[in-house]
Chemist: 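Sharing a structure with you now.
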Amino acid sequence: MNGMHGIIFSYEKKTGLRELIEHRVHGSIPFAGDYRVVDFILSNMVNAGITDVGVIMHGKCQSMLDHLGSGKSWDLSRRNGGLTLLPAFAYAERREGAGQFRGKMEALGCVQDYLEHIRQDYVVLSDSDMVINLPLEDVLESHLRTGADMTAVCTSVLGDGSDTYFKLDDTGRITDTVRDVHTPEGYRCLNIYIISKELLLRLVEDCMAHNEYSFRGSVLQRRSGELHIRAYVWDGYAARINTILSYYQRSMELLQPSMRRELFCPDRPIFGKENDAPSSYVDPTGECVNSLISDGCDIQGTVKNSILFRGVQVEKGADVEGCILFKGTVVRQGAILRNVITDKHVTVRENGTLMGHASYPLVIARDSEV
Amino acid sequence: MKKECVAMLLAGGQGSRLYVLTGDMAKPAVPFGGKFRIIDFPLSNCTNSGIDTVGVLTQYRPLELNSYIGNGQPWELDRASGGVHILPPYQSADGASWYKGTANAIYQNIGFVDLYDPTYVAVLSGDHIYKMDYSDMLRRHKEAGAACTISVMEVPWSEASRFGIMSVDGEDRITEFAEKPKEPKSNLASMGIYIFTWSKLRRYLMEDEEDSSSENDFGKNIIPAMLGRGEVMAAYRFEGYWKDVGTLDSLWDANMDMLLPGSGLNLLDKKWPIYGRTAVCPPAFIGPASDVGNSVVARGCFIDGEVKNSVLSTGTTVGEGAVVSYSVVMPGAAIEPGARVSYAIVGENCRIGAGASVGAPPESASDPEQWGITVLGPDTVVAPGEIVPAKTMLDRHHVKEVEA
């Protein structure tokens, strides 16, 4: 069978997301008022005609399991194929004292049986912490046209030292892969790859046999000579969520219409989980400007430059500015919030004041009452 | 598999009194309250009341309704046994016929109901906005030992002559039924919501079908026949919000009621949720220059103008400097910069050009008799600067219709 198969890596990573990943993995962090981060790459895959997706999980995957369910929301609840959840049960037996996966190759090695049963000729490998709207069918087309062994998606927009960077030659072939550099240069890796099933299986087997676990180290770096690895440059919207500040900034830039148009282009819709909330209501006393408002919100106070997830209540006299309020947040009368991120079901009591700063947003952990 | 109670939802009406809005779709498919459609109310009531088998009787322009209901998943009606079934008229060995009346529609689907061998059948309308627990009504039906229970509500005496009026005895058993009486003997109005003991109803449907003079209608034929033969007919008193949205004015009113605290129609209330199919689009964006008050805003909206006392459905846009007040804007409509929309119902995917004006407030009319809400049918384009006065109706071909 031709076409692509999706593999998404969704397990714990050490990043600066503090409270936001206390109860969840990166992929299930709420984003853009109505989505989880993983919805973006999942929708990209579905929009490119992918019908089979495996999600490799490990660690705090409860919220991810809840979110994905049968995959129905992404039209991935299929009789054949569809969404397959791949928790790391076998991992504990294979490696004593099961900690985290040490790398992608190790994660893939743990689901080798699953990989062997893939029906498609090509596999898309992706992390789940990237907010992106990428035409994956174009990446595959480029992969086939160039005859590369593997195609890696990257961008010329530089990030920070924690990102991986490629050096390319004139033909677009990746000649070097570096990380933890002081001054980023070259092309920033977006951790999305296309490779044939056959080569992927060969690499996984070879790496497992040599106790090599890192995709970057063992494949991108060590095998860059023997493999023809090419870059696909994507300079559209791509936000990696790895710190509280980047989460906040990448969220807030969605208040700009041009950014929203890039991420939510009508040709490639982003599918999220359906919700039962009615439409939102703005009260006569309420004021709401320059904000993204999801369903089921009840706005009686003032909301400016903010992102409200489902079912947020802002009571009379409350004043919210520059905030991201997750599902079910209640802001009681007279409370004042500036540059605050509230996780799910946070209640801010009457007349409370919470102040963060645009350069250091204050995060309130899930279910807190402050 | 046997079910205690099956619901039959009458959704086949043309809804001719909604004029241009129902040119291409059945009345129950008309959008309501932002993200919903009218049929979401009875379907959600069924689910919330524990009824998991629903037949939806369709006849007029069923395409939109069929595709909206789909497999019933949003209402949790995609069940292994039961679930929601669309029931259009069909051809049988001895010919085919349209549904001749509400009773005939059920008659033609006796086979469907019998599949589930229910003890009771609820007959519901597809064009009412209300939240009702049918299981409580069923409890009343059983306690009264009734053949038929009709849900009723008190209406002001002055309006009683517009309704089907029930007279009751001391135990709230129905003694008399009068359709739109000139001199009403009671102010208990039928809401068009019935629960029947299936074995009884089945018999009356068969007899009614034999009678060639019958109009095959529940209100006109079945209920009077049952009363005439002395069947036990119970009234179930309903208190709460209920509105038949069969006319343009009542549809507009019901949308406005949703904005009115204390009207009894609060969709944010989580105790009795209304479910609907959610469109795939991002959250609403309320822009920096906007001014939104007392309004419902659905997902996918993009608002840069002023929106007051209005309902904006999924994916509508309001350009900079545009003003929308006391209006219902249906999915996908675009109101361009500087346009004014007032006391209007704007149909799906309409485009109102820059600086155009649609509808007018009542105080602007010199003669109150000449004032009314303005209605644009789906896909109507209003040219930039064009003025569409109050009490006007336009369809997409700009053919004006006058409200009867």
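The chains referred to below are lettered A, B, ... by the order of the sequence lines, with proteins before strands, and numbering in each begins at 1.
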Chemist: Examine whether an atom of A:F309 lies under 4.5 Å from a heavy atom of chain B, and if so say whether it belongs to the side chain, the backbone or both; otherwise answer neither.
Modeler: neither

Chemist: Under a 4.5 Å heavy-atom cut-off, does chain B meet the side chain of A:D283, its backbone, both or neither?
Modeler: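 Backbone of A:D283 only, per the 4.5 Å heavy-atom cut-off to chain B.
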
Chemist: Please classify the contact between A:I307 and chain B as side chain, backbone, both or neither, with a heavy-atom cut-off of under 4.5 Å.
Modeler: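 For A:I307, no heavy atom lies under 4.5 Å from chain B.
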
Chemist: Heavy-atom cut-off 4.5 Å, strictly under: side chain, backbone, both or neither for B:I274 against chain A?
Modeler: backbone

Chemist: Give the minimum heavy-atom separation between B:L259 and A:Y281, together with the two atoms involved.
Modeler: O-OH, 3.5 Å

Chemist: Nearest 0.5 angstrom please: B:N294 CG to A:Q300 CD, how far?
Modeler: 10.5 Å

Chemist: So among A:S280, A:C297, A:P278, which one has a side chain to side chain contact (heavy atoms under 4.5 Å, CB included) with B:L268?
Modeler: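 Passing option: A:P278.
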
Chemist: For the atom pair OG (B:S295) and CD1 (A:I299), what is the distance rounded to the nearest 0.5 Å?
Modeler: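 So the OG of B:S295 and the CD1 of A:I299 are separated by 11.0 Å.
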
Chemist: Counting only heavy atoms not in A:R250 (residues, nucleotides, ligands), do more than 12 fall under 6.0 Å from its CZ?
Modeler: yes

Chemist: Do you know which two heavy atoms are closest between A:D295 and B:A298, and how far apart they sit?
Modeler: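 Residues A:D295 and B:A298, closest heavy atoms: OD1-C, 4.5 Å.
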
Chemist: Which heavy-atom pair separates A:I270 from B:V280 by the least distance, and what is that distance?
Modeler: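 In this case the closest contact between A:I270 and B:V280 is O-CG1, 3.4 Å.
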
Chemist: Between A:N275, A:N305, A:D298, which residue shows the highest count of heavy-atom pairs closer than 4.5 Å to chain B?
Modeler: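 Top option by heavy-atom pairs under 4.5 Å: A:N275.
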
Chemist: Does A:S279 use its side chain to pair, donor to acceptor, with the backbone of B:V296 at less than 3.5 Å?
Modeler: no

Chemist: Can you pull out the residues in residues 281-290 of chain B with any heavy atom less than 4.5 Å from chain A?
Modeler: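 Counting heavy atoms that sit under 4.5 Å from chain A, the residues of residues 281-290 of chain B involved are B:C281, B:P282, B:P283, B:A284, B:F285, B:I286, B:G287, B:P288, B:S290.
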
Chemist: Taking B:K35 for the side chain and A:A277 for the main chain, is one N or O donor matched with an acceptor at less than 3.5 Å?
Modeler: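 Side chain of B:K35 to backbone of A:A277: a pair is present.
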
Chemist: Could you tell me the separation between the CD atom of A:E274 and the CZ atom of B:R277, rounded to the nearest 0.5 Å?
Modeler: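 Going from the CD atom of A:E274 to the CZ atom of B:R277 covers 8.5 Å.
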
Chemist: Given that the side chain runs from C-beta out, which part of A:K304 has a heavy atom under 4.5 Å from chain B: side chain, backbone, both or neither?
Modeler: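 Looking at A:K304, nothing touches chain B.
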
